[in-house]
*Asks:* 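Below you'll find the structure I mean.
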Amino acid sequence: MKYLSIILALLVIVACDKAEENTNTPTPPNVEIPEDENGEENGEENGNDDNWMDEVIDTSGADYLFKDGITGKVMFLEYNGLSNDYISLYDNATGLTLFLDLYSPMVYDYVTPGIYTFGDGAAMTAHRDNCYIHFPDDTLMRFTEGRVKVIVDPEHSSGYPYYHITARFVNDVEEVIAADYEGQLIAQ
């Protein structure tokens, strides 16, 4: 009986230590790492740890920067079993809107934190056909490459998720389009 009491006490201590972990920024969902033809991992982000948070997306020297005076909105959709989060960042001064079409595993009820590479709608990609700038005259600027980083505080004091979104895109004439948005996203 004495040993049982000791084992139970140790289990309580271990359980309490786990409960005190910081949950403000969740680890992105586990995404399978594709292997190359030799069966080795190709080094792409898999979301198993928080190393992705150290990546800096350079927004300096951008030809278009979405940073101050921005209104952020999001539509939460589902596509092919993935969460499809369609974000718009509207620049109140210029009238330009940057659209971000992000795909991730369906894990959270907010935009999944992590790095989104430019792609075709697979998990943890920013869809190349639906990321663009919309101009007030209804013309669009498309991109040839891009990357988006999303950090979320789901337990913000406001009661709503608080985001830090950084993105960098390049268009076909080598102009750099960047975003450095901090704030809430109004759900549509």
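Nothing here was measured: the structure is a model prediction, and the numbers come from that model. Values below: every heavy atom of this structure, side chains too, minus hydrogens, waters and symmetry copies.
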*Asks:* Looking at F118, I'd like to know if its CZ atom is crowded, meaning that more than 12 non-hydrogen atoms belonging to other residues, nucleotides or ligands lie closer than 6.0 Å.
*Replies:*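 Enclosed.
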
*Asks:* Go through the steps for Y162 and V152 under the test side-chain contact (heavy atoms from CB on, under 4.5 Å), then give the verdict.
*Replies:* CA-CA 6 Å; Y162 190 86; V152 185; over 6 Å; no

*Asks:* Apply side-chain contact (heavy atoms from CB on, under 4.5 Å) to residues T166 and V148 and explain how you reach the verdict.
*Replies:* CA-CA 6 Å; T166 51; V148 179; over 6 Å; no

*Asks:* Is there a side-chain contact between T112 and V150 (heavy atoms, below 4.5 Å)?
*Replies:*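 Result no, sub-4.5 Å side-chain heavy-atom pair not found.
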
*Asks:* With rounding to the nearest 0.5 angstrom, report the CG to OH distance, N84 to Y86.
*Replies:*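 N84 CG to Y86 OH: 9.0 Å, rounded to 0.5 Å.
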
*Asks:* Considering non-hydrogen atoms only, spot the tightest contact between Y108 and P113 and give its length.
*Replies:*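 Between these two residues, the closest heavy atoms are CE1-CD, 3.8 Å.
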
*Asks:* Once side chain to side chain contact (heavy atoms under 4.5 Å, CB included) is applied, do any residues pair with S60, and if so which ones, sequence neighbours excluded?
*Replies:*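 Testing S60 for side chain to side chain contact (heavy atoms under 4.5 Å, CB included), a comparison that skips the adjacent residues, returns D58.
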
*Asks:* Working to the nearest 0.5 angstrom, can you tell me the gap between E175 CD and T144 OG1?
*Replies:*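 Between atom CD of E175 and atom OG1 of T144 there are 11.0 Å.
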
*Asks:* Indicate the atoms forming the closest heavy-atom contact of D91 with A93, along with that distance.
*Replies:*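 In this case the closest contact between D91 and A93 is OD1-N, 2.9 Å.
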
*Asks:* Give the table of side-chain donor-acceptor pairs shorter than 3.5 Å for residues 176-187, with sequence neighbours excluded, one pair per line with atom names and distance.
*Replies:*
| from | atom 1 | to | atom 2 | distance (Å) |
| --- | --- | --- | --- | --- |
| D180 | OD1 | H164 | NE2 | 2.7 |
| D180 | OD2 | K67 | NZ | 3.4 |
| Y181 | OH | Q184 | O | 2.5 |
| Q184 | NE2 | S158 | OG | 2.6 |

*Asks:* Any salt bridge (charged side-chain N to carboxylate O under 4.0 Å, His left out) involving residues 123-137? Give me the pairs, sequence neighbours left out, ordered by first then second residue.
*Replies:*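 Salt bridge (charged side-chain N to carboxylate O under 4.0 Å, His left out) check on residues 123-137 returns no pairs.
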
*Asks:* Indicate if V170 and I115 have the same hydrophobic cluster label, given that clusters are the connected sets of ILVMFWY residues with side-chain heavy-atom separations under 4.5 angstrom.
*Replies:*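 In one cluster: no.
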
*Asks:* Using a distance-only test with no angle check, is there a side-chain donor-acceptor pair under 3.5 angstrom linking D101 and Y103?
*Replies:*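 A pair is found: one side chain offers a donor N or O, the other an acceptor, under 3.5 Å apart.
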
*Asks:* For D120, is there any backbone N or O sitting under 3.5 Å from a side-chain donor or acceptor partner on H127?
*Replies:*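 Checked: pair present.
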
*Asks:* Apply salt bridge (Lys or Arg N to Asp or Glu O under 4.0 Å) to the pair R147 and E55, showing each step before the final yes or no.
*Replies:* CA-CA 11 Å; R147 200 159 175 83; E55 180 175 331; 2.6 Å; yes

*Asks:* Going by the rule ring pair (Phe, Tyr, Trp, His ring centres under 6.0 Å), which residues pair with F143 if we only count those two or more places apart in sequence or in a different chain?
*Replies:*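 By the ring pair (Phe, Tyr, Trp, His ring centres under 6.0 Å) rule, F143 matches F169.
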
*Asks:* Can you give me the closest heavy-atom contact between N171 and M141, atom names plus distance?
*Replies:*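 Closest approach of N171 to M141, heavy atoms only: ND2-SD, 3.3 Å.
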
*Asks:* Got a sec, which residues hit side chain to side chain contact (heavy atoms under 4.5 Å, CB included) with S88, two or more places apart in sequence or on another chain?
*Replies:*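 Testing S88 for side chain to side chain contact (heavy atoms under 4.5 Å, CB included), a comparison that skips the adjacent residues, returns K73, T97, F99.
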
*Asks:* Excluding sequence neighbours, so at least two apart, what forms side chain to side chain contact (heavy atoms under 4.5 Å, CB included) with L96?
*Replies:*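 For L96 the side chain to side chain contact (heavy atoms under 4.5 Å, CB included) partners, ignoring immediate neighbours, are Y64, F66, T94, I133, F135, P136.
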
*Asks:* Looking at V111 and Y116, what are the two nearest heavy atoms and their distance?
*Replies:*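 Closest approach of V111 to Y116: CG1-OH, 4.2 Å.
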
*Asks:* Look at the side-chain heavy atoms of Ile, Leu, Val, Met, Phe, Trp and Tyr, link any pair under 4.5 Å apart, and say whether M124 and V107 land in one connected group.
*Replies:*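 Same hydrophobic cluster.
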
*Asks:* Would you say that I151 contacts W52 through its side chain, given a criterion of any heavy-atom pair below 4.5 Å between the two side chains?
*Replies:*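 Side-chain contact under 4.5 Å: yes.
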
*Asks:* Regarding N92 and T71, do their side chains bring together a donor and an acceptor under 3.5 Å, going by distance alone?
*Replies:*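 Yes, side-chain donor-acceptor contact under 3.5 Å.
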
*Asks:* Find the distance between CZ (F76) and CE (M106) and round it off to the nearest 0.5 Å.
*Replies:*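 Reported value, rounded in 0.5 Å steps: 11.0 Å.
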
*Asks:* Looking only at heavy atoms, which two atoms of L102 and A126 are closest? And how far apart?
*Replies:*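 Here L102 and A126 meet closest at CD2-CB, 3.7 Å.
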
